[in-house]
Number of protein chains: 2
Amino acid sequence: MEPIRRAALVKATIDEIGQAGSLDVTVAQIARRAGMSSALAHHYFGGKDQIFLAAMRHTLSLYGAEVRGALAMARGPRARTEAIIRAGFNRSNFRSDVIAAWLNFYVLAQSDDQARRLLSVYQRRLHSNLVFNLKPLIGPRAGEAAVRIAGLIDGLYLREALTRGASLGDEPTRQVLTLLDHELKSFGKDTAT
Amino acid sequence: MEPIRRAALVKATIDEIGQAGSLDVTVAQIARRAGMSSALAHHYFGGKDQIFLAAMRHTLSLYGAEVRGALAMARGPRARTEAIIRAGFNRSNFRSDVIAAWLNFYVLAQSDDQARRLLSVYQRRLHSNLVFNLKPLIGPRAGEAAVRIAGLIDGLYLREALTRGASLGDEPTRQVLTLLDHELKSFGKDTAT
DNA sequence: CGTTTTTAATTGACTCGTCAATCAACAAAA
DNA sequence: TTTTGTTGATTGACGAGTCAATTAAAAACG
């Protein structure tokens with residue numbers, strides 16, 4: 001029973017946060033949505049914070065899986081870089097519950113050490129994935145280029161996530177791919193330090 | 001008295017949110033920090049939400065003033081673009097209370113219409129400031145370039161804001177300026193479409 | 001100028017609701 | 001009968017918002 005209940009609670013937590021837009025949801029709401037009493041939620045998770053963290057971990061691990069999946073499909077460094085970029089702007093990342101999870105994750109990361117560590121794991125993974133695939137293309141400039149590409153992914157995701165109604169799909173992806181082209185073309189031009 | 005009290009409450013709200021990292025602060029806490037009773041806070045603002053919105057507006061208007069100030073100092077489109085970029089990474093924007101304000105602002109913008117509108121005003125202002133100054137430099141490509149520059153500003157700000165300890169100052173600025181160089185240099189290269 | 005009336009500022013005490021967490025008790029499987 | 005799953009009821013604390021009552025300032029009046 002335990003794993004089933006835990007999974008149901010995690011799912012319910014994500015849904016509830018998505019609907020509220022914030023972490024301001026009660027254990028009772030979560031438990032009700034998961035079809036059990038609030039006492040049981042406490043029994044399995046110990047407290048509200050732990051439920052939240054489990055839900056965050058779950059959302060992040062889904063994103064990680066997506067990136068890994070996209071990477072597995074692509075052949076060659078250029079295609080793999082593109083795959084990483086496209087994964088970030090997948091439709092699934094713009095479901096309102098996923099958006100809510102990320103934004104509240106950022107808020108939480110200010111004060112909660114576990115959240116910050118979790119976040120930095122995913123940031124580092126994105127960065128090193130980019131560097132690994134950019135290196136064969138542009139060599140030592142891969143590091144800096146990766147910072148820009150990752151930054152642009154984050155920034156455009158944020159804008160897109162907060163602009164209701166105007167989400168026309170792959171415009172952000174196009175923008176990042178254009179940046180990628182810039183980075184590739186300008187390779188070797190001014191190698192001054 | 002009224003304007004003084006309102007200002008004190010706004011200030012106290014920003015400080016309190018900064019310390020908590022979230023909007024999870026009580027009216028009583030805010031009022032105490034502002035040196036008055038919670039009843040008075042309700043008297044002047046009507047409710048918690050309105051206090052929050054006033055605090056957000058205040059933070060955002062400070063940022064707006066900063067950008068305007070930086071713009072006034074700069075001569076020529078290139079320098080003005082640079083000024084906008086530098087303003088975004090000003091030390092003042094990385095005070096913990098300002099970071100907290102922005103992150104919680106994003107969270108609020110998901111569900112609160114006033115917050116979303118306020119946010120989009122500032123996004124549009126940034127965008128049109130960039131376009132206006134990029135146009136003399138790169139013509140019709142200014143629009144797309146502005147999206148990328150603004151996106152990178154947002155993304156790198158986010159990273160920097162959430163990376164405690166590793167804030168070494170002007171690295172994000174450098175990255176965005178490098179992007180700006182890319183955008184300027186690649187003008188006219190592939191004018192396809 | 002002194003007195004009365006009006007208005008603004010201010011609060012302590014209170015209401016009503018909510019919520020996290022606990023626990024004792026019940027059910028059901030092993 | 002021991003372990004696991006489950007809940008209703010309860011507790012203790014806290015918090016937003018209200019209100020009647022108090023003081024202080026200002027305006028109107030004679």
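So that the names make sense, note that chain A is the first sequence line, chain B the second, and so on, each numbered from 1.
Regarding L9(B), its CG atom lies at a distance of 15 Å from the C1' atom of dA16(D), rounded to whole Å. The separation between F45(B) atom CZ and dA9(C) atom C1' is 16 Å, rounded to whole Å. Atom CG in D24(A) sits about 11 Å away from atom P in dA16(D), given to the nearest Å. Here dA21(C) presents its C1' atom at 13 Å from CD of Q50(A), a figure rounded to the nearest Å. To the nearest angstrom, P of dC19(C) lies 14 Å from CD1 of I51(A). To the nearest angstrom, P of dA24(D) lies 18 Å from CE of M36(B). Note: NE2 (H43(A)) to C1' (dA25(C)) measures 15 Å, nearest angstrom. Atom CG of D49(B) and atom C1' of dA16(D) are 10 Å apart (whole Å).
Residue-to-nucleotide proximity on DNA chain C shows that, of V25(A) and A39(A), the 5′-proximal contact is made by V25(A). Along DNA chain D, the nucleotide nearest P3(A) and the nucleotide nearest V27(B) are compared for position; the residue whose nucleotide lies closer to the 5' end is P3(A).
Across dA21(C), dG12(C), dG17(D), the shortest atom-to-atom separation from the side chain of K48(B) is found for dG17(D). Of the candidate nucleotides dG17(D), dT11(C), dT7(D), dT11(C) has the atom nearest to the side chain of S37(B). In the set dT7(D), dG12(C), dT10(C), the nucleotide with an atom closest to the side chain of L40(A) is dT7(D).
No side-chain heavy atom of F45(A) sits less than 4.5 Å from a side-chain heavy atom of V27(A).
Looking at heavy-atom distances under 4.0 Å, T26(A) makes contact with sugar-phosphate atoms alone, never a base. Y44(B) comes within 4.0 angstrom of sugar-phosphate atoms only, judged by non-hydrogen atoms across all strands, and of no base.
Between K185(B) and D181(B), none of the side-chain N atoms (NZ, or NE/NH1/NH2) sits under 4.0 Å from a carboxylate O, so this pair counts as no salt bridge. Of the charged side-chain nitrogens involved, at least one lies within less than 4.0 Å of a carboxylate oxygen, so that R174(A) and E144(B) count as a salt-bridged pair. Between R116(B) and D112(B), none of the side-chain N atoms (NZ, or NE/NH1/NH2) sits under 4.0 Å from a carboxylate O, so this pair counts as no salt bridge.
In this model, a donor atom of one side chain and an acceptor atom of the other lie less than 3.5 Å apart for S92(B) and E66(B).
One finds no side-chain N or O of R5(A) lying less than 4.0 angstrom from the OP1 or OP2 phosphate oxygen of dT4(D).
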